[in-house]
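Counting starts at 1 for both ligands and their atoms, following the listed order. Residue numbers count from 1 along this sequence. Because the structure is a prediction, the values reported are computed rather than measured.
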Amino acid sequence: MNTQGIKKVVIAGGGTAGWMAAASIAKLIGKHLDITLVESDDIGTVGVGEATIPPLLTLHQLLGIKEQEFMAATNATFKLGIAFENWRNVNEDYFHSFGTTGKDCWACGFQHFWAKGVERGIAGDYAQYSPETIAAYENKFAVLPKNGVNYAYHLDASLYAKFLRNMAEEHGAKRQEGKIASVQTNDQTGYITSLTLESGQVIDGDLFIDCTGFRALLIEQTLHTGYDDWTHILPCDSALAVQTTAVEDPIPYTRSIAHEWGWQWRIPLQSRVGNGLVYCSKYVSDEQAKERLLASVQGELLTEPRLIKFKTGQRRKHWNKNCIALGLSSGFIEPLESTSIHLIQRGIVRLLQMFPQNQVQQSDVDEFNAQMAHEVDNIRDFIVLHYHVTNREDSRFWRHCKSMEIPESLQHRIDLFRETGRVFKVPNELFGENSWIQVMLGQGIMPKQYHPIVDTMTDKELVDFLEHIKMNSLRLAQQLPSHQDFINHHCKSTML
Ligand code: FAD
């Protein structure tokens with residue numbers, strides 16, 4: 001790749017975003033680039049972000065990361081999806097699994113066949129047609145050579161950054177310790193020219209990547225890019241995170257447990273469990289939230305609860321002048337579906353695809369921003385769905401979520417599914433039909449109709465069709481070893 005004009009890439013910040021960017025740029029296009037990452041041990045990282053989604057496997061493949069090595073180095077476990085507990089009603093659960101459920105036909109998705117099955121009393125719970133869900137609840141897992149289960153990882157965020165740092169440094173990226181005290185810009189163009197550290201050292205560059213987390217030191221504090229605030233549809237603004245010892249073998253899924261004013265995550269690693277409470281401070285104090293978190297975790301505390309404040313929303317431009325924001329500096333939807341690390345990955349891959357040859361082209365910048373915004377808006381709608389479609393009315397928080405005005409794009413999807421059972425994936429959106437369907441059904445929307453093609457099957461054929469899928473899903477799940485056994489053989493941590 002010819003990068004005559006863009007020689008020096010400066011990455012500000014060394015959390016997950018910074019090191020993912022450094023490793024990817026260095027490994028994939030770094031041969032003729034000078035890459036420097038600046039981070040401050042005094043400031044540290046946000047220290048959360050441990051659940052991922054399946055596309056991370058694609059990035060790892062691109063980077064040549066070996067799964068066993070990576071998992072052993074980050075105390076990682078496997079993740080088949082997320083269990084949503086108490087979201088639709090208190091004491092009711094559903095599962096959002098990765099992969100597909102049942103079998104679609106050319107005209108319509110499996111949910112249409114299933115819906116008729118429910119009407120006739122011959123279909124089981126939707127989850128019974130998903131091998132990932134069955135395996136998850138039976139605590140089973142294996143990576144199979146083909147026709148296996150779809151999965152992602154739970155990982156230790158600080159070990160992941162360390163793992164990527166090694167990789168970035170092996171490929172020539174340099175790390176500079178120090179606090180950035182000021183950012184210089186060109187008077188005429190407004191482009192960033194250099195960063196000055198507290199020590200007085202100046203780091204100049206051609207392209208700057210802002211990975212400074214919620215501080216957004218370059219993209220906002222320097223370039224004043226602006227932020228679209230989504231608090232009115234995603235009202236949670238606080239989180240408390242704490243690590244505990246494990247009291248059982250790690251389960252292969254994330255637990256998301258709804259409370260009166262937010263929800264709690266439980267993420268099992270090989271070495272410990274990550275717990276956190278996400279809540280809306282309008283309805284509960286930090287102190288009450290902390291009491292609730294501590295009362296509901298299992299195992300011994302390994303850390304003190306850590307308070308994190310945030311504002312849900314998106315930076316108006318992810319790329320402004322010669323600065324690209326990745327990670328929390330570009331915005332934060334909220335961690336409910338583990339989409340933040342994925343958006344870092346998408347930003348990196350897009351940047352590599354549009355990497356400037358000589359100088360930054362405004363058409364690239366506009367395209368990058370349009371694609372990122374489109375992707376983030378669709379994820380936002382998916383997350384808002386979980387809060388808005390619920391039967392819960394037991395607290396002011398849930399009454400607000402249920403009655404709030406939602407984006408038209410989301411309202412349309414809900415109406416379409418409720419009235420016709422149809423779901424269409426928007427081009428380039430992250431979540432596919434199976435994700436939307438599982439969450440819409442799980443949150444309590446039952447379609448009023450099914451596609452007429454289903455009636456071309458006799459009742460006997462429909463029974464056989466549903467039964468066959470159910471049995472195959474069960475068989476696939478049951479042949480798997482336990483999650484813990486598979487970890488022991490495949491990727492046991494080197495630190496335990
Ligand atoms: P940070 O980790 O905050 O890193 C910022 C870096 O910038 C640090 O190295 C810091 O030292 C440096 N820095 C800042 N200012 C300066 C300065 N002046 N000088 C020098 N260096 C500086 N994502 C998921 O995908 N899955 C999840 O399960 C998930 N859960 C989350 C739960 C919560 C409560 C929150 C808040 C986020 C969660 N996320 C999750 C998001 C995820 O944590 C982040 O996307 C990810 O950690 C990347 O963060 P970052 O690198 O952008 O920022």
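Protein heavy atom nearest atom 53 (O) of ligand 1, with residue, atom name and distance: G213 CA, 3.4 Å. From the protein, the heavy atom lying nearest to atom 43 (O) of ligand 1 is V48 O, 3.0 Å. Looking from atom 40 (C) of ligand 1 to the surrounding protein, the closest heavy atom is G49 CA, 3.3 Å.
Of the candidates D210, I82, D42, I43, it is I43 that places a heavy atom closest to atom 13 (N) of ligand 1. Ranked by closest heavy atom to atom 49 (O) of ligand 1, the top entry among L336, T45, L328 is L328.
Considering both main-chain and side-chain atoms, V46 comes within under 3.5 Å of ligand 1 through a nitrogen or oxygen pair.
The closest side-chain heavy-atom distance from I209 to V9 is below 4.5 Å. Using a 4.5 Å heavy-atom threshold, the side chains of I383 and E337 count as touching.
The neighbour count for K309 NZ, taken as heavy atoms of other residues, nucleotides or ligands under 6.0 Å away, is above 12. In this structure, K31 places its NZ atom where only 12 or fewer heavy-atom neighbours from other residues, nucleotides or ligands lie under 6.0 Å away.
Within the 4.0 Å heavy-atom cutoff, I344 counts among the residues contacting ligand 1.
At least one donor-acceptor pair closer than 3.5 Å links the side chain of S285 to the backbone N or O of Q288.
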